[in-house]
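Lettering of chains follows the sequences in order, A, B, ..., and the numbering in each one begins at 1. Since the model is a prediction, treat every value here as computed from it, not as a measurement. We use all heavy atoms of the structure for the numbers below, so side chains are in, but hydrogens, waters and symmetry mates are not.
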2 protein chains.
Amino acid sequence: MTDDSTSAGAAAQPQTQAPRRRRSGRRHEILEIAGRQIAEKGYAEATVRDIGEAAGILSGSLYRHFDSKDTILEELLRTYLDDLLVAYEAVTPASEGSASAALRKLIQIGVRAVHENRVEVTILHDNYKFLLRNPRFTFIQAMERQIMTYWLRVLEEGRATGEFSRELNPRVASLAIMGGIETMVRWFDPRGQFSHEEVAEQYATLHLNGLTA
Amino acid sequence: MTDDSTSAGAAAQPQTQAPRRRRSGRRHEILEIAGRQIAEKGYAEATVRDIGEAAGILSGSLYRHFDSKDTILEELLRTYLDDLLVAYEAVTPASEGSASAALRKLIQIGVRAVHENRVEVTILHDNYKFLLRNPRFTFIQAMERQIMTYWLRVLEEGRATGEFSRELNPRVASLAIMGGIETMVRWFDPRGQFSHEEVAEQYATLHLNGLTA
DNA sequence: GTCTATACCTAGATAGAC
DNA sequence: GTCTATCTAGGTATAGAC
C-alpha cells in the first residue's frame, strides 16, 4: 500500500532522520531515469527491465528502491501535479487586474508546464485511460478537477463583468483551450521555430481575442 | 501486408464476387464489438479473450476472421481515417466564400467525427504513442499530415487576404484548435448540456473571433 | 544495494477435433 | 466457424547469496 502517512507520530522521530523528501540521491536519480523511459515508450511498454538497464542495474534491484512499478509512476505524477496546483492556485484570484490578464497567466502556466515538465505531461497524456481506470491513480482526477475550478473561476468572472462573450460557456471554452495546450506535448519542439514563451503568447492572443466580446 | 490494391485488374472479375466491402456480416459485427472493447479498455488492456467473450466466441475463434489483433485495429482505423479525409478534402477549396466559412466547416467536421466515430477517435487518441511507434501504423501519420495540409491551406489563405490576424502562425493556431477538438473525446457527452452541433458552434465562435484581426 | 535465478502469470497465437 | 487444449514469449515481482 506504500502508505507514507506519519501514523506512528512525529514526536518519536529521532534526530537526523528526515522523514520525507529523503532525496536519497540514488532513488531520485532512478525516478528521473524511469520517467524518461516511461515518457519515451509508454508506461506498459517501458518494462522494469528497460528501466533497470537505463539505470545500470538489473530489474530485480529496482525493488530495493520501490515497492512496484506503479509506485514509481505514482511518485512521478504526484510530485508534478502538486507543483502544478500550487502554480495555478497563485494566479486564480485575478484580483490584480482583468480576467484577461488572469487567463493569460493560466495559459502561460499550462504551456510552461508542457515545456518544463515534459516527461510528466507526456506520461499523463499518453497513459490517461490507464490512469483513470486504475484506482491507485484516482488522485489525478481529483487534482485535475481542482485545476478546472481555477480556470472556471477566471472565465466566469470575465463573463460576469462582460469582459468575455456571453455566448461562450466557460466550461466548454476552458476545455477547448486546455485541450489545445495539452496536445502540445505531441508537437512542441523547444528548438523549433517558436519558444514556449512565443507559443504561449500566440495561444493567449488567439483565445483572448476569441473570448472578448 | 493487407495490400488491397486491385492489381489483378477489374476486367477479369467474375459475376457475384464482390472483391471489396465484402461485409461478411459476422466479420463486420466482430469488428464493431472489438472496437468498443478497445475504446473502452485501451488496446493493450482489451485482450483477445475479452473481444472473443464480447462476441460470444472463444479467443482462438477470432483468428478465423482476422490474422492478428493488430489487423483488427488497422482495419478499424483505416476505414475511419479514409472517410475523415474525404470529408475534409471536400471543404478545403474554401472557394465558395471566406476563409472563415471554411474554417467553420473544418471545425464542424472535426467535432462531428468525435461524436459519430467516437470509438475510432477514442482509440486513436488513447493509443497514439503506441500507434506512432509501431511501423504497421505509420499510415496514420501520413493521413494526419494530409489533414493538416487542409487546415493550413484555409488558415494561410485567411492570413493572406487579411481576414485572419498576421500575428498568428497558421500551424500553431491549427494545432491549438485541433487539439481542443480531439480532447473532446475525454469529456463530451451527447446527452449532456450541449449537443455536438452546439459545441461545434461554440468552438467556431471562439476561434473565428480569435483569428479575425 | 546489486546480482543470480526463478516463480508466477497472462498475453497473443496455433493445431486439430468437431 | 467454433471449441479444446496448449505453446511460447515476455511481463512483474521475489528469495537469497554476495
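- Residue Leu73(A) contributes atom CG, which lies 12 Å from atom P of dA13(D) at whole-angstrom precision.
- In the set dG12(C), dA13(D), dG1(C), the nucleotide with an atom closest to the side chain of Arg64(A) is dG1(C).
- Rounded to an integer number of Å, the gap from NE2 of His65(B) to P of dA13(C) is 15 Å.
- In this structure, Phe130(A) and Phe137(A) have tilted ring planes: the angle between them lies in the 30° to 60° band.
- Residue contacts shown for Ser61(A) include a base, since a base heavy atom lies under 4.0 Å away.
- What separates CD1 of Ile51(B) from P of dT2(D) is a distance of 15 Å, to the nearest Å.
- A donor-acceptor contact closer than 3.5 angstrom links the side chains of Thr71(A) and Arg136(A).
- dA11(C) atom C1' lies 16 Å from atom CD of Glu53(B), rounded to whole Å.
- Rounded to whole Å, the distance from CZ on Arg136(B) to C1' on dG12(C) is 13 Å.
- Side-chain atoms of Lys129(B) do not come within 3.5 Å of backbone N or O of Ile123(A) as any donor-acceptor pair.
- Remark on DNA chain D: of its neighbouring residues Ser59(A) and Leu58(B), the 5'-side contact belongs to Leu58(B), judged by nearest-heavy-atom nucleotide.
- Out of dG1(C), dG12(C), dT12(D), the shortest distance to the side chain of Val48(B) is found at dG12(C).
- Taking only side-chain nitrogens and oxygens, Arg27(B) never comes nearer than 4.0 Å to OP1 or OP2 of dG1(D).
- Rounded to whole Å, atom P of dA5(D) lies 14 Å from atom CZ of Arg49(B).
- Taking atom CD1 of Ile38(B) as the reference point, atom C1' of dG12(C) lies 13 Å away to the nearest angstrom.
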**OP:** Run the numbers on His28(A) and His65(A) for ring-ring contact (aromatic ring centres under 6.0 Å, His included), then give the verdict.
**Re:** CA-CA 10 Å; His28(A) 186 245; His65(A) 302 280; over 10 Å; no
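- Rounded to a whole Å, the CD atom of Glu45(A) is 15 Å from the P atom of dG10(D).
- Atom CD of Glu53(A) is surrounded by 12 or fewer heavy atoms from other residues, nucleotides or ligands within 6.0 Å.
- Here the side chain of Ile57(A) is nearest to one of dC3(C), dG1(D), dG11(D), namely dC3(C).
- At the phosphate of dT14(C), neither OP1 nor OP2 sits under 4.0 Å from any side-chain N or O atom of Tyr63(B).
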